[in-house]
Amino acid sequence: MKFNKHLLLITGVLAVMLVLAGCGNNSSSTKSSKQMAKDQTINLSTSSEISTLDIAKASDSGSLTPLYQISEGIYRLGPKSKVENGLATSTKVSNDGLTYTFKLRTNDKWNNGQPVTAKDFVYGWRRVVNPKTAAGYSYLFEGVKNYSAIQKGHLSANKLGVYAPNSHTLVVKLSHPVPYFKLLLAFPTFFPQQESAVKKYGSRYGTSSGTSSATTAYNGPFVLSKWNGTSDTWTMTKNPNYWDKKHVKAHQLDFQVIKTPSTGLSLYQQNKLDVISLSGEEVPTYKNRPEFKKFVGGSTMYLEMNQKRVKALKNTKVRQALSRIINKQTLASQVLRDGSTAPKGFVSTNFFRNPKTGADFAKDAYEKDGVAYNQSQAKKLWQQGMKQVGQKKLHLSLLSDDTDQSKKTTQYLQSQFNKLPGLSITIHNVPTKSKLSRSTSGDFDLVVSSWGADFADPINFLDLLTKSNPTNNGHWVNATYDKYIEASKTTDANNPDKRYDDLVNAEKVLMKDQGIIPLYQPATTQLWRTNIHGFVWNPAGMSNGYKGLYVTK
């Protein structure tokens with residue numbers, strides 16, 4: 001998941017990396033021996049604004065997190081990324097793995113009371129893959145029949161391999177087996193969309209949510225209100241039309257955007273917030289307290305270099321020099337000091353295992369030089385690279401979010417880059433929404449990005465950097481890399497060992513060519529009031545995380 005179109009990445013957004021233990025009828029919240037409080041209002045913080053509630057266009061954690069709560073698709077994810085039925089009641093898969101038939105619930109409704117049907121999935125999926133929509137996550141449909149031809153303009157989006165033989169049956173045709181297809185269906189981009197609402201509101205669709213001003217249709221456990229597209233606060237209340245409303249514990253969730261951990265801590269101490277994120281400076285004081293929680297895994301912070309805009313960044317040695325001048329261990333342990341760790345590569349550690357040996361993917365794909373710190377070597381590579389591009393000086397802008405953690409990161413990177421002769425850096429820390437817009441449009445030289453797993457497979461990281469992926473904002477292109485990724489999706493898709501080797505080799509190519517610069521593997525450290533319950537760590541996705549959140553007396 002993009003934690004900001006890249007920030008999947010992590011800004012401490014509550015529950016972006018959390019899921020409810022055993023969502024649904026077997027929710028752990030029902031097993032608590034403590035008595036639930038009568039007032040189930042919970043005050044939560046987030047570090048980024050909501051950019052959009054349009055399912056087709058949402059690509060950052062600030063938008064995807066509320067969409068998980070106010071919408072629902074065919075599946076949702078439980079502990080350890082286990083697929084659980086959402087709107088599906090049954091699933092049939094053909095022997096060749098190319099046809100999926102889903103039977104859907106008959107009692108699910110949109111927030112306007114109208115029934116959710118299979119046609120809402122057909123419409124939504126077609127809208128996402130339509131090139132005119134410019135959906136950042138459209139590439140996730142790559143395995144669905146006719147997707148590629150639609151993207152190239154050879155076929156209409158109506159030819160996508162999805163149809164509804166009746167109101168509560170959905171059939172999907174794939175062009176080739178997709179080993180992780182069920183995991184994809186728990187991601188918001190695959191959720192249904194109500195055609196009448198999208199057409200009614202046009203360009204305003206997904207820009208507000210409230211009793212009298214809603215321009216969004218949704219069908220999940222909660223209703224979002226008091227959000228007008230730019231609000232720093234909003235509210236979620238229990239959805240009376242939700243099919244499983246009896247298992248929704250919280251009555252009201254009040255959110256506010258908190259950019260600096262010190263502000264959040266002050267509000268927590270005043271009992272105005274129930275869950276907050278901590279800065280590295282605050283961790284030592286609170287790490288031994290019962291309300292302290294730490295979550296690590298399934299995400300990576302990295303630097304994208306805009307090769308389309310800056311000629312020098314096309315040079316491999318220049319990119320390698322930028323990477324090796326950064327001490328990633330110092331950044332994680334001494335600058336951030338929040339439990340974050342130095343990366344082994346692009347795909348995070350503790351995320352995926354070798355199907356034959358059980359080894360960590362990050363260990364198998366490790367290319368030391370891709371993440372190493374070597375100041376003397378960096379300066380040598382820099383001089384060689386700059387000579388090859390015919391430049392003695394280079395000025396680069398460094399773009400990132402305006403959170404406290406992001407500011408620390410950019411300031412540290414600037415101090416390291418200044419060690420390369422002739423290089424000067426200007427920092428631009430801007431609101432998440434602005435950063436997303438500038439990243440997508442290519443208005444940057446260097447940008448601190450991040451990715452958090454949408455589903456538990458290395459392809460979720462590695463697919464981002466293929467030539468045609470719209471999230472490849474740095475425009476790095478490597479034919480060998482693309483060849484390995486393509487093989488993992490086609491010729492080797494049904495061979496777990498060969499497919500795994502393809503993905504390992506792709507990561508090695510990426511790191512040797514320094515297509516991106518991994519910076520650190522994020523950690524989220526938080527304080528939770530001891531009477532707030534309902535979450536467990538899941539590094540590879542989330543699903544209706546707030547559904548079982550509850551307060552005890």
If you look only at distance, which donor and acceptor atoms sit under 3.5 Å apart when one is on a side chain in residues 188-195 and the other is two or more places apart or in another chain?
{"unit_1": "Gln193", "atom_1": "OE1", "unit_2": "Arg127", "atom_2": "NH1", "d": "2.6"}
{"unit_1": "Gln193", "atom_1": "NE2", "unit_2": "Gly124", "atom_2": "O", "d": "3.2"}
{"unit_1": "Gln194", "atom_1": "OE1", "unit_2": "Asn112", "atom_2": "ND2", "d": "3.3"}
{"unit_1": "Gln194", "atom_1": "NE2", "unit_2": "Gln114", "atom_2": "OE1", "d": "2.9"}
{"unit_1": "Glu195", "atom_1": "OE2", "unit_2": "Lys199", "atom_2": "NZ", "d": "2.5"}

Using a 3.5 Å distance criterion without hydrogens, assess whether the side chain of Asn146 forms a donor-acceptor pair with backbone atoms of Lys159. yes
Test: Asp492 and Lys498 ion pair at under 4.0 Å: no
Taking the basic N atoms (NZ, or NE/NH1/NH2) and the acidic carboxylate oxygens, is any pair closer than 4.0 Å for Glu49 and Lys259? yes
Look at the aromatic rings of Phe255 and Trp234 and report parallel, tilted or perpendicular, splitting at 30° and 60°. parallel
Establish, from distance only, whether the side-chain atoms of Thr52 and Asp54 form a donor-acceptor pair under 3.5 Å. no
Does the plane of the ring in Phe461 sit parallel, tilted or perpendicular to the ring in Phe351? Use 30° and 60° as the thresholds. perpendicular
I would like to know whether Asp463 and Ile485 meet side-chain contact (heavy atoms from CB on, under 4.5 Å); could you show each step before the answer? CA-CA 7 Å; Asp463 209 19; Ile485 297 299; 3.8 Å; yes
Answer yes if the side chains of Thr169 and Asn166 hold a donor-acceptor pair under 3.5 Å, and no otherwise. yes
Would you say the ring centers of Phe141 and Tyr147 fall short of 6.0 Å from each other? no
Heavy-atom side-chain proximity of Thr216 to Ser208 below 4.5 angstrom: no
Shortest non-hydrogen contact from Val178 to Gly143? CG2-CA, 3.9 Å
So, Gln521 and Thr349: side-chain donor and acceptor under 3.5 Å apart, yes or no? yes
Mind checking whether Asp401 and Val430 have side chains closer than 4.5 Å, heavy atoms only? no
Does a donor on one side chain and an acceptor on the other come within less than 3.5 Å for Ser449 and Glu304? yes
Under 4.5 Å between any side-chain heavy atoms of Tyr218 and Ile55, yes or no? no
Any side-chain donor paired with an acceptor under 3.5 Å for Asn350 and Ser348? no
Hey, are Asp254 and Thr235 close enough side-chain-wise for a donor-acceptor pair under 3.5 Å? yes
Under the 3.5 angstrom rule, does the side chain of Glu142 hit a backbone N or O of Ser148 as a donor-acceptor pair? no
Hydrogens and angles aside, do Asp96 and Ser94 bring a side-chain donor and acceptor to less than 3.5 Å of each other? yes
Exactly one candidate in Arg529, His533, Gln35 meets side-chain hydrogen bond (donor to acceptor under 3.5 Å, both in side chains) with Thr552; the answer is His533
In terms of side-chain heavy atoms, does Glu72 have a donor or acceptor partner in Tyr242 at a distance below 3.5 Å? yes
Using the side chain to side chain donor-acceptor pair (under 3.5 Å) rule, take Thr41 and Asp39 through it: C-alpha gap first, then chi angles, then the decisive distance, then the call. CA-CA 6 Å; Thr41 298; Asp39 182 7; 2.9 Å; yes
Steps toward side-chain contact (heavy atoms from CB on, under 4.5 Å) verdict (Lys293, Val275): CA-CA 10 Å; Lys293 296 181 183 292; Val275 181; over 6 Å; no
In sequence, state the C-alpha distance, the side-chain angles, and the governing distance for Lys435 and Val447, and then conclude on side-chain contact (heavy atoms from CB on, under 4.5 Å). CA-CA 9 Å; Lys435 179 200 158 182; Val447 59; 3.8 Å; yes
At what distance, to the nearest 0.5 angstrom, does CG of Leu464 lie from CG of Asn473? 10.0 Å
Under 3.5 Å, is there a donor-acceptor pair linking the side chains of Thr260 and Thr263? yes
Tell me whether the centres of the aromatic rings in Tyr302 and Trp451 are closer together than 6.0 Å. no
Side-chain touch Tyr100/Leu174, heavy atoms, less than 4.5 angstrom: yes
Looking at Lys57, I want to see if its NZ is surrounded by more than 12 non-hydrogen atoms of other residues, nucleotides or ligands under 6.0 Å. no
NE2-NZ distance between His251 and Lys38, expressed to the nearest 0.5 angstrom: 10.5 Å
Less than 3.5 Å apart, any donor N or O on the side chain of Asp120 or Trp110 sitting next to an acceptor on the other? yes
Gln526 side, atom CD; Ser277 side, atom OG - distance, nearest 0.5 Å: 4.0 Å
Using distance alone, with no hydrogens and no angle criterion, decide if Lys173 and Thr99 have a side-chain donor and acceptor under 3.5 Å apart. yes
The reported gap from CD1 in Ile258 to OH in Tyr268 (rounded to nearest 0.5 angstrom) is 14.5 Å
Assign the ring pair Tyr75 / Phe102 to parallel, tilted or perpendicular, where the plane angle (0 to 90°) is split at 30° and 60°. perpendicular
With a 4.5 Å heavy-atom cut-off, do His168 and Arg105 have their side chains touching? no
Do Lys294's NZ or CZ and the ring of Trp528 fall within the cation-pi criteria of under 6.0 Å and 45°? no
About how many Å separate CG of Leu527 and CD1 of Ile276, when rounded to the nearest 0.5 Å? 4.0 Å
In the structure I gave you, are the side-chain heavy atoms of Thr101 and Leu170 within less than 4.5 Å of one another anywhere? no
Side-chain heavy-atom pair Leu44, Gln256 within 4.5 angstrom cut-off: no
Within 45° of the axis and under 6.0 Å from the centre of the six-membered ring of Phe121, does NZ or CZ of Arg126 qualify? no
Test side-chain contact (heavy atoms from CB on, under 4.5 Å) on Asp457 and Leu503 and set out the steps. CA-CA 10 Å; Asp457 192 284; Leu503 298 176; 4.0 Å; yes
Quick one: pull up NZ in Lys226 and CE in Met236 and give me the separation to the nearest 0.5 Å. 13.5 Å
Using side-chain heavy atoms (C-beta onward) and a distance below 4.5 Å, is Gln252 in contact with Ile42? no
